[in-house]
Protein chains: 2
Amino acid sequence: MITPAQRYERFLTDLKAAGVRLTEQRKVIVKVLAEAHDHPNADELYHRAYVLDGSVSLSTVYRTLRLLEDHGAIQRHDFDAGRARFENADTDHHDHLIDVDTGQVIEFRSERIEKLQAEIAAELGFDIVRHKLELYGRRRG
Amino acid sequence: MITPAQRYERFLTDLKAAGVRLTEQRKVIVKVLAEAHDHPNADELYHRAYVLDGSVSLSTVYRTLRLLEDHGAIQRHDFDAGRARFENADTDHHDHLIDVDTGQVIEFRSERIEKLQAEIAAELGFDIVRHKLELYGRRRG
DNA sequence: ACCGATTTGCGAATGATTTGCAATTGCGTT
DNA sequence: AACGCAATTGCAAATCATTCGCAAATCGGT
């Protein structure tokens, strides 16, 4: 079980290894991402980072998010159109179930679905690069 | 096998039945949608409609798209973030495979995946309201 | 054809994200 | 420990897709 602190260290090590300059702002943003247990959007990340270090700007949050995404360190989602949401990519792959009433995001993983997807793509003559599976559901009353 | 002309007629009949006013612009936009074999975005729809009738504006395209979506006549997708794409909803349900190299969108349907999704949601205590499954793949060389 | 409510086009407003630019900063080199 | 400069930053202005306000045009029942 990886801790936020460990995740943070790994983030920094990987970035340094990739030749990325570790600025104060980037470290703070990465720390916020490492500690996030949810799927925050850019603005939420900005606010959390700003509390830790008032020198972080929204622009830099956006620039850093793009940087991290390009490095494969985080993943971008668009559960609700118009606002991207992020999560660190080091955790195991999983899909999302969004509660349409509360907006709550539940993570799950199904080997069978993964397998089935690969089979379907293969039948169509493709190899899957990535996929997006989002279930929008309502809690059973 | 339904023809574009038939689809167009059904669109109009359904809208009229729903008490929607059939303006010139709406008819043109609906016709363009009925004839579309791809997944055009608002701007593309606007251009196609404008050719048929220069009195169509982009605002009205957006308003009509929202209207049609609310009536369940079309479906909105966001394959690429930041730009919504549309398709008529009268066809059978299907998912999408997007060729990451060409952007081509291939439609497919798998009963097994549908079933599996319902099972997973049920295990988590949910009923599926809708879902989004997009495979992004590369053609096998 | 008439009339009132609905819909339209226009341009301005919005909200998320990006960008230009001058000032600041990380970090390899002295 | 200071130097130098390219990379990075904050800010404000720009962008991009989409929405909105409002006066003018239009639908469709009478």
Side-chain angles (χ1 to χ4, degrees), chain A residues 11-33 39-71 73-86, chain B residues 11-33 39-71 73-86:
Chain A
F11 261 125
L12 294 191
T13 316
D14 290 354
L15 289 175
K16 183 170 290 182
V20 170
R21 204 141 115 181
L22 295 184
T23 67
E24 221 26 71
Q25 292 88 339
R26 283 178 181 169
K27 285 193 230 168
V28 173
I29 294 165
V30 157
K31 175 182 279 244
V32 168
L33 279 164
H39 302 74
N41 60 36
D43 206 56
E44 290 167 339
L45 289 168
Y46 165 59
H47 287 303
R48 296 181 198 175
Y50 189 85
V51 173
L52 300 182
D53 181 344
S55 84
V56 173
S57 76
L58 184 54
S59 301
T60 294
V61 169
Y62 274 111
R63 280 190 278 234
T64 303
L65 286 173
R66 173 167 294 239
L67 178 81
L68 295 175
E69 192 191 5
D70 290 346
H71 278 276
I74 62 172
Q75 239 184 297
R76 174 188 305 261
H77 298 291
D78 38 84
F79 302 140
D80 26 45
R83 259 187 141 74
R85 295 168 66 172
F86 304 83
Chain B
F11 261 125
L12 295 190
T13 316
D14 290 354
L15 289 175
K16 183 170 290 182
V20 170
R21 204 142 114 181
L22 294 184
T23 68
E24 221 27 69
Q25 292 87 339
R26 282 178 182 169
K27 286 192 232 168
V28 174
I29 295 164
V30 157
K31 176 182 277 245
V32 168
L33 280 164
H39 302 73
N41 61 36
D43 206 55
E44 290 168 339
L45 289 167
Y46 165 60
H47 287 303
R48 296 181 198 175
Y50 188 86
V51 172
L52 300 182
D53 181 343
S55 84
V56 174
S57 76
L58 184 56
S59 300
T60 295
V61 169
Y62 274 111
R63 280 189 280 234
T64 303
L65 286 173
R66 172 168 296 237
L67 178 81
L68 295 175
E69 192 192 5
D70 288 348
H71 277 276
I74 61 172
Q75 239 183 299
R76 175 188 304 262
H77 298 291
D78 39 84
F79 301 140
D80 25 44
R83 257 188 144 76
R85 294 169 65 172
F86 303 84

Q: Quickly work out the B:R66 CZ to C:dT8 P distance and round it to whole Å.
A: 14 Å
Q) On DNA chain D, nearest-nucleotide positions of B:A84 versus A:S57: which is more 5'? A) A:S57
(Q) Both B:F86 and B:L22 contact DNA chain D. Which one's nearest nucleotide lies toward the 5' end? (A) B:F86
Q: Round to the nearest Å and state the distance from A:L15 atom CG to D:dT8 atom C1'.
A: 14 Å
Q: Considering non-hydrogen atoms only, spot the tightest contact between A:V56 and A:A49 and give its length.
A: CG1-CB, 4.1 Å
Q) Below 4.0 angstrom from OP1 or OP2 of D:dT9, is there any side-chain N or O of A:R26? A) yes
(Q) Taking donor-acceptor contacts at under 3.5 Å, does the side chain of A:R21 reach the base of D:dT8? (A) no
Q: Test B:V30 against every option in B:I74, B:L68, B:L67 by the side chain to side chain contact (heavy atoms under 4.5 Å, CB included) rule and name the one that passes.
A: B:L68
**Q.** Polar side-chain atom of A:R48 near backbone of A:V32 as donor-acceptor pair, under 3.5 Å
**A.** no
Q. Is it the case that more than 12 heavy atoms not belonging to A:Y50 sit under 6.0 Å from its OH atom?
A. no
Q | Nucleotide C:dT24, atom C1' - distance to CD of A:Q25 in whole Å | A | 9 Å
(Q) So if I apply the side chain to side chain contact (heavy atoms under 4.5 Å, CB included) rule between A:R26 and each of A:L15, A:L12, A:V20, which one comes out positive? (A) A:V20
Q) When the distance from OH of A:Y46 to P of D:dT9 is rounded to whole Å, what number comes out? A) 14 Å
(Q) Check B:R66 with B:E69, please: is the shortest side-chain N to carboxylate O separation under 4.0 Å? (A) no
(Q) Pick the closest DNA chain C nucleotide for A:E24 and for B:V56 by heavy atoms, then say which residue is nearer the 5' end. (A) B:V56
Q) For B:Q25 and B:V28, what are the C-alpha separation, side-chain angles and deciding distance, and is it a side chain to side chain contact (heavy atoms under 4.5 Å, CB included)? A) CA-CA 5 Å; B:Q25 292 87 339; B:V28 174; 5.8 Å; no
Q) To the nearest Å, how far apart are A:L67 CG and C:dT19 P? A) 14 Å
Q: Could you check how far NZ of A:K27 sits from C1' of D:dT9, rounded to whole Å?
A: 15 Å
Q. Separation of B:E69 atom CD from D:dT19 atom C1', in whole Å?
A. 14 Å
(Q) Expected output is a numbered-order residue list: members of residues 58-65 of chain B with a heavy atom under 4.0 Å from any atom of DNA chain D. What is it? (A) B:S59, B:Y62, B:R63
**Q.** Whole angstrom value for the distance that separates C1' of D:dT8 from CD1 of A:I29
**A.** 11 Å
